[in-house]
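Right, one structure below, let's go through it.
Numbers restart at 1 for each chain; the letters A, B, ... are given by sequence-line order, proteins then strands.
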Amino acid sequence: MQGTAKLLSSTHPALHLSHPTLESFIWNTLMRAHVQSKTRPVSPTHCPLSIFLRMRFHGVRPDFHTFPFLLQSFSYPSYLHSGLCIHAQIVQFGFPCDPFVQTSLINMYSSCGNLGFAQQVFNEIPQPDLPSWNSIINANVKMGLVNVEKRSHCLGRCKNWKLDDVRPNEFTMSVVLSACGRLGALEHGKWAHAYIDRCGMEVDAVLGTSLIYMYAKCGGIDRARWVFNKLRSNNDVMAWSAMISGLGMHGHYEECLDLFSKMMSHGVRPNAVTFLGVICACVHGGLVSQGKDYFNRMSEDFGISPSIQHYGCMVDLYGRAGLIDEAWDVIKSMPMEPDVLVWGALLSGSRMRGDIETCEVALKKLIELEPTNSGAYVLLSNVYAKMGRWKDVRHVRDLMEDKRD
DNA sequence: ATAGGGTTAG
């Protein structure tokens, strides 16, 4: 039964339960416009989901192009419920075996943070094609970022791939290399590199970026440099950024900043990630005034507004240099609520400095944001003990006991 | 006439 449906969907699209019509084409195109513009819809009535609802209200049947567009707009955990409802509709309208729809479903569940559902869709594909494989691998890797136990399982799965007729391509390998980098799995990464060479895949900017990132994260900065220097195109901001961050990571601050200047003289426009790499390098190298310069130039000369990570780096930069007032100024200037990384940076700066009052504030904020983090309670009660505020010491200990489940 | 998969930071 399933085989028949698949045959129809992949070889004779016209035999679908719903044929493409001029009407469905127009609604699909409208949805695509909103998905591709990537800007926030002007109002909730313009989002692909409400376009779909209006399409149904007008009695227009969706066709097999409709759902990939619609599913692409569900890319956050909060959309999981909508995604599930649309999945049910997909079954009702008879498209659950369309390979495009299946891949879109895997990506939707993966973007919504639900690997289980993504895996379930994948498992129901009798003969997954390459995009489906790449999507499920990507989903596993993404979750590997969150779920530590799954990480090594995921890599093993890539390596022992039984691909009878579907072979990994550049898309696959870039995901695999990125996973190796995150894991610090140098041996797996080298294997992947050798595989790329053996298959005769061209190391373009994307694969090059992945290779540089992998080697840099795995401690092979020389190999990263080698890959970078061999790249044919030298105008890809991501490849430059990967190399710049890699050098910073390894403590080659001068080379890192030189490379940044070199990139600019090549006419490559830095982006938010490039600046993060450069500023992080300044943090580790203790280059306060240079870090501050880069931070200012980023918005003044390039119109890039700093993200919470950039602010976190700046707090870290000043904190490590013992400049607690400056670190506070950064926090006060932030247009968003500081997160645990920002308060953590302020905490470590103020601890180094012996600034007990700032420690107290930072720890209180950390406890507010992470009430189950017992480490912060312990540090805070130590702070109070140092100040001789014994009542507060007892109060914090009681609070910690309360939060324990 | 329209459709699915990739890289840099954290």
Side-chain angles (χ1 to χ4, degrees), chain A residues 9-10 13 16 20-33 35-36 62-72 95 98-108 110-111 118 121-122 125 128-139 141-142 145-146 166 168-182 201 203-214 216-217 224 227-228 231 236-249 263 268 270-281 283 307-310 312-313 339-342 344:
Chain A
S9 67
S10 53
H16 265 289
T21 60
L22 178 62
E23 278 205 297
S24 61
F25 168 74
I26 291 168
W27 287 99
N28 294 347
T29 305
L30 196 55
M31 273 189 259
R32 186 191 59 170
V35 170
Q36 285 181 349
D63 60 42
F64 50 95
H65 290 300
T66 307
F67 293 105
F69 289 135
L70 181 55
L71 291 173
Q72 273 184 63
F95 302 116
D98 183 286
F100 284 77
V101 171
Q102 284 167 322
T103 304
S104 303
L105 279 169
I106 293 170
N107 291 328
M108 181 272 290
S110 155
S111 315
V121 173
F122 182 80
I125 307 176
D129 63 5
L130 194 47
S132 309
W133 270 108
N134 289 344
S135 294
I136 195 64
I137 289 175
N138 199 10
V141 169
K142 251 191 227 166
L145 198 68
V146 182
V166 186
N169 64 358
E170 290 84 350
F171 283 69
T172 326
M173 297 317 289
S174 55
V175 175
V176 170
L177 284 169
S178 163
C180 294
R182 265 177 234 167
M201 287 182 196
V203 178
D204 62 359
V206 174
L207 268 187
T209 302
S210 311
L211 280 168
I212 293 164
Y213 170 75
M214 182 276 291
K217 286 291 263 221
V227 172
F228 180 74
L231 278 185
D236 186 87
V237 66
M238 289 173 88
W240 283 91
S241 304
M243 194 65 231
I244 287 170
S245 310
L247 288 168
M249 242 181 260
M263 176 180 125
V268 180
N271 63 19
V273 179
T274 324
F275 275 108
L276 199 59
V278 172
I279 298 170
C280 281
V283 171
S307 71
I308 196 157
Q309 284 100 327
H310 295 97
C313 266
D339 62 3
V340 288
L341 294 173
V342 174

Which listed nucleotide (B/dT8, B/dG5, B/dA3) is nearest to the side chain of A/T209? B/dT8

Nearest to side-chain heavy atoms of A/E170, which nucleotide of B/dT2, B/dG6, B/dG4: B/dG6

Grab the CG-P distance between A/L247 and B/dT8 for me, whole Å please. 17 Å

Is A/T66 close to A/D63 at the side-chain level, that is, under 4.5 Å between some pair of heavy atoms? yes

Quiz question: going by heavy-atom distance under 3.5 Å, is there a donor-acceptor pair between the base of B/dG4 and the side chain of A/D129? yes

Could you tell me how far apart A/I136 (CD1) and B/dG4 (C1') are, to the nearest whole angstrom? 14 Å

Measure from the side chain of A/N271, starting at C-beta and using heavy atoms only, and say which of B/dG5, B/dT8, B/dT2 lies closest. B/dT8

Under the side chain to side chain donor-acceptor pair (under 3.5 Å) rule, collect the residues that match up with A/N107, sequence neighbours excluded. A/S135

Side chain of A/H65: nearest nucleotide among B/dT2, B/dG4, B/dT8? B/dT2

Can you figure out which of B/dA3, B/dG4, B/dG6 approaches the side chain of A/D98 most closely? B/dA3

Under the 3.5 Å rule, do the base of B/dG5 and the side chain of A/N107 count as making a donor-acceptor pair? no

Hey, does A/Y213 reach any base, or is it just sugar-phosphate, or nothing, if we go heavy atoms under 4.0 Å? sugar-phosphate

A/F69, nearest nucleotide to its side chain (from B/dG4, B/dT8, B/dA3): B/dA3

Just to be sure I understand the rule, does A/N138 reach a base, reach only the sugar-phosphate, or reach nothing, if contact means heavy atoms closer than 4.0 Å? sugar-phosphate

Which atom names give the shortest non-hydrogen contact between A/P270 and A/M263, and what distance separates them? CA-CE, 3.3 Å

Under 4.0 Å between a side-chain N or O of A/Q72 and OP1 or OP2 of B/dA3? no

Base, sugar-phosphate, or nothing for A/V273, non-hydrogen atoms under 4.0 angstrom? base

Could you check whether A/S132 gets within reach of a base, just the sugar-phosphate, or nothing at all, counting any heavy atom under 4.0 Å? base

Report the distance from atom NZ of A/K142 to atom P of B/dG5, rounded to the nearest whole Å. 10 Å

Could I get the full list of side chain to side chain contact (heavy atoms under 4.5 Å, CB included) partners for A/S210, not counting sequence neighbours? A/S174, A/L177

Within the 4.0 Å heavy-atom criterion, would you say A/L22 contacts the bases, only the backbone, or no part of the nucleic acid? base

Choosing from B/dT7, B/dG4, B/dT2, which nucleotide comes nearest the side chain of A/M238? B/dT7

Using whole Å, what does the distance between atom P of nucleotide B/dT7 and atom CZ of A/R182 come to? 8 Å

Expressed in angstrom and rounded to an integer, what is the separation of A/F122 atom CZ from B/dG4 atom C1'? 14 Å

In whole angstrom, give the distance that lies between atom CE of A/M249 and atom C1' of B/dG10. 11 Å

To the nearest 0.5 Å, what is the distance between CD (A/E23) and CG (A/N28)? 11.5 Å

Figure out the CG/C1' separation between A/N28 and B/dG4, and round it to whole Å. 14 Å

Taking CG from A/L105 and P from B/dG5, how many angstroms apart are they, rounded to a whole number? 13 Å

Side-chain N or O of A/S241 less than 4.0 angstrom from OP1 or OP2 on B/dA9? no

Closest heavy-atom pair and its distance - A/V35, A/F69: CG2-O, 3.3 Å

